[in-house]
2 protein chains.
Amino acid sequence: MANISDIAKLAGVSVSTVSRVLNHNPYVSEAKRIAVQRVIDELDYTPNRLAVDLIRQKTRTIGVIMPYNNNQAFDQLLHGVLNRSVEHGYSVMVLPTRYDPAQELSCLAMLKNKQLDGIMITSRSNDWDAIIPYTKYGTIVVCEYTDHPDLGCAYIDRYASFVDAFQLLRTRGHERVAFTTARGIESNSTQLIIRAYHHVFGDLPPAYHVTDCYSMDDGERAARLLLDSDLKPTAVYANGDEVAAGVYRYASGLGLRVPEDLAIIGQENQPVGIGLQLSTVDHQLIQVGEQAFDLLIGESKDKVEIPYRIITRQSI
Amino acid sequence: MANISDIAKLAGVSVSTVSRVLNHNPYVSEAKRIAVQRVIDELDYTPNRLAVDLIRQKTRTIGVIMPYNNNQAFDQLLHGVLNRSVEHGYSVMVLPTRYDPAQELSCLAMLKNKQLDGIMITSRSNDWDAIIPYTKYGTIVVCEYTDHPDLGCAYIDRYASFVDAFQLLRTRGHERVAFTTARGIESNSTQLIIRAYHHVFGDLPPAYHVTDCYSMDDGERAARLLLDSDLKPTAVYANGDEVAAGVYRYASGLGLRVPEDLAIIGQENQPVGIGLQLSTVDHQLIQVGEQAFDLLIGESKDKVEIPYRIITRQSI
DNA sequence: CTGAAAGCGCTAACAC
DNA sequence: GTGTTAGCGCTTTCAG
């Protein structure tokens, strides 16, 4: 492949002149500009991005740390990011971590080794203390609320959304309400839903909290656990519409009616929820992703709240 | 940030020695190795990846061209890629094109400017003629069958899968069968399903082919078009379970029973299809993604077929 | 085993 | 306007 000095030689100019025409620098005579362009076209030359990025100390590439892809919530966030990145001419790397703290750290290291200008953390498994040091090497934006001055964030008030959903359930006469979460108390989100539960219902019977729920199968498992116990809940808040769909399936299989025998509410307004007419708490994650991207390339440390909305269908 | 020569200076060695310990070259005395490592640790030094990649002429990064993300089919493919990339220490860039040929070409250009070692094309909007020239700059693998010698491919025999599904419908007594597609005849996949239709049913009434179907809403629109006509089909093959779910919803709204009044079969075994008990043609796209990745980093031009399977549930 | 030196391909300050 | 040159931060011959 030809490089810039080949072009310079063939066009009879110096590399700086070639660089100038490449970068649309106005201080080039029309004659040379044309001559250079001709050689560039003839040789079908393209500047080497690695060399450009190396010297510019910028890559116009960002990374998105996400535990999993092929999961509606994270894919919505990613979708938001991609919407914006295309408009702004940025590239995006997907950095899956499976919630492995070491893997997460090695992704953050891409900031340090200059591969990435910034990183968006959709969900984390490291403490802030482990993450903050990397802000020295590039912008980091997270998708949960934090008041840390070095971190921008685009977040939903999850606590409020949980309280809202629980109160809605309570208004409809439910006192025995169970919920599912993805992770245990190591997760911020889990802590918030537990606090919200206490706020609305008081004590949480341990059996009313089922963890490790990601898929429809997990939802069925949760429903089995919940509905086979003697303290059967009358309503379930599921962390995702797929999980909610699993609960729905299991309950239907038992001959239970929804919502009369069991109310169900899910999350993220996914297709399966629309299909089964499940109510849902829509956290509008596409917007969160878009906003996070904007903060990232603006190198902003702002804290931006995105509104959520509860969509009521037939399941509560 | 410190660089390699800072380390060399502080450790009292040359940059080559530092480079050697960085790359685990055995020809370094234990004493110097330790001295260098001490300085590296003290300064928390990390080599600059851009510089490394520039000189090595390799990035260990691949790109995945996909029209959309947040679409089950493409997200499954991406999921397969990510599964493997993590294992092999590769990074992956997501390159959304929205089926814009120019955008697609500019993604391929990342091969030429050395940002990427290889590119996987999950779906394309350019002709082969426009794509092939880029194989000169890196490996390209596609997710559809092609006999082009410069292209590896991991593919499903879509024609066979369409014929299978149509024949299954015919076996069940359906003669008036409609289908939906994402794009028009500019798409390879659309051409195949039309050919399969001809093979199984003969002439295709134009009204039986509805295009531009991606979402549940599109499915409802398709169903409206199909069921309000005088030549009402008795079965619909939908290009995705979300579209199938839309058809299901519209039909249910009309009071039609599935499958008695209308049979429905979808694609890709998505959650919404499981929830609604829709039959589906599962193309096993995660496997396709994994296989495509393996071909990519193996710089292989093999043609690998991935089997599909038809999952029969209650909707046909 | 070790180091000097020649790049990888480009940008930008500086002089003319 | 234009060319020279000094890097960006690293790997890898090539001598020794």
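In what follows, every chain begins at residue 1, and chains take the letters A, B, ... in the order their sequences are listed.
For A/Asp212, the side-chain contact (heavy atoms from CB on, under 4.5 Å) partners are A/Arg221, not counting sequence neighbours. In terms of the salt bridge (Lys or Arg N to Asp or Glu O under 4.0 Å) criterion, residue partners of A/Glu290 (sequence neighbours excluded) are, by chain and number, A/Arg84. Scanning for side-chain contact (heavy atoms from CB on, under 4.5 Å) contacts around A/Asn48 gives A/Leu50, A/Ala51, B/Leu54, B/Lys114, with sequence neighbours left out. The side-chain contact (heavy atoms from CB on, under 4.5 Å) test applied to B/Lys303 returns B/Tyr145, B/Cys153, B/Tyr155, not counting sequence neighbours. Taking B/Asp75 as the reference, nothing meets the side-chain hydrogen bond (donor to acceptor under 3.5 Å, both in side chains) condition, with sequence neighbours excluded. With sequence neighbours left out, A/Gln291 forms a side-chain hydrogen bond (donor to acceptor under 3.5 Å, both in side chains) with no residue at all. Residues satisfying the ring-ring contact (aromatic ring centres under 6.0 Å, His included) criterion with A/His148, sequence neighbours excluded, are absent altogether. For B/Ile55, there are no side-chain contact (heavy atoms from CB on, under 4.5 Å) partners, not counting sequence neighbours.
Protein atom NE2 of B/His24 is 12 Å distant from nucleotide atom P of D/dT11, rounded to whole Å. Spacing between atom CD1 of A/Ile55 and atom P of D/dC8 amounts to 8 Å, rounded to whole angstrom units. Rounded to whole Å, atom C1' of C/dG9 lies 13 Å from atom CZ of A/Arg56.
Each end of the helix from C/dC1-D/dG16 to C/dC16-D/dG1 gets its own axis from five base pairs, and the two axes differ in direction by 40°, given to 10 degrees.
At the heavy-atom level, A/Asn23 lies under 4.0 Å from the strands shown only through sugar-phosphate atoms.
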What are the atom names and distances for every N/O pair under 3.5 Å that joins the protein to nucleotides 2-5 of chain D?
residue : atom : partner : partner atom : Å
D/dT2   : OP1  : A/Ser29 : OG           : 2.7
D/dT2   : OP2  : A/Ser29 : N            : 2.6
D/dT2   : OP2  : A/Ser29 : OG           : 3.2
D/dT2   : O3'  : A/Lys32 : NZ           : 3.4
D/dG3   : OP1  : A/Lys32 : NZ           : 3.4
D/dG3   : OP2  : A/Ser14 : N            : 3.0
D/dG3   : OP2  : A/Ser14 : OG           : 3.3
D/dG3   : OP2  : A/Thr17 : OG1          : 2.7
D/dG3   : N7   : A/Ser16 : OG           : 3.3
D/dG3   : O6   : A/Arg20 : NH2          : 2.6
D/dT4   : O4   : A/Ser16 : OG           : 2.8

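Without hydrogens or angle criteria, A/Asn3 side chain to A/Asp6 main chain gives a donor-acceptor distance under 3.5 Å.
Heavy-atom distances under 4.0 Å link DNA chain C to A/Tyr45 of residues 36-45 of chain A, given in residue order.
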Acceptor/donor pairs from residues 31-43 of chain A side chains to any protein atom, 3.5 angstrom cut, sequence neighbours excluded:
residue : atom : partner : partner atom : Å
A/Arg33 : NE   : A/Glu30 : OE1          : 3.4
A/Gln37 : NE2  : A/Asp41 : OD1          : 3.1

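Contact check, A/Asn3 against C/dC8: no side-chain N or O comes under 4.0 Å of OP1 or OP2.
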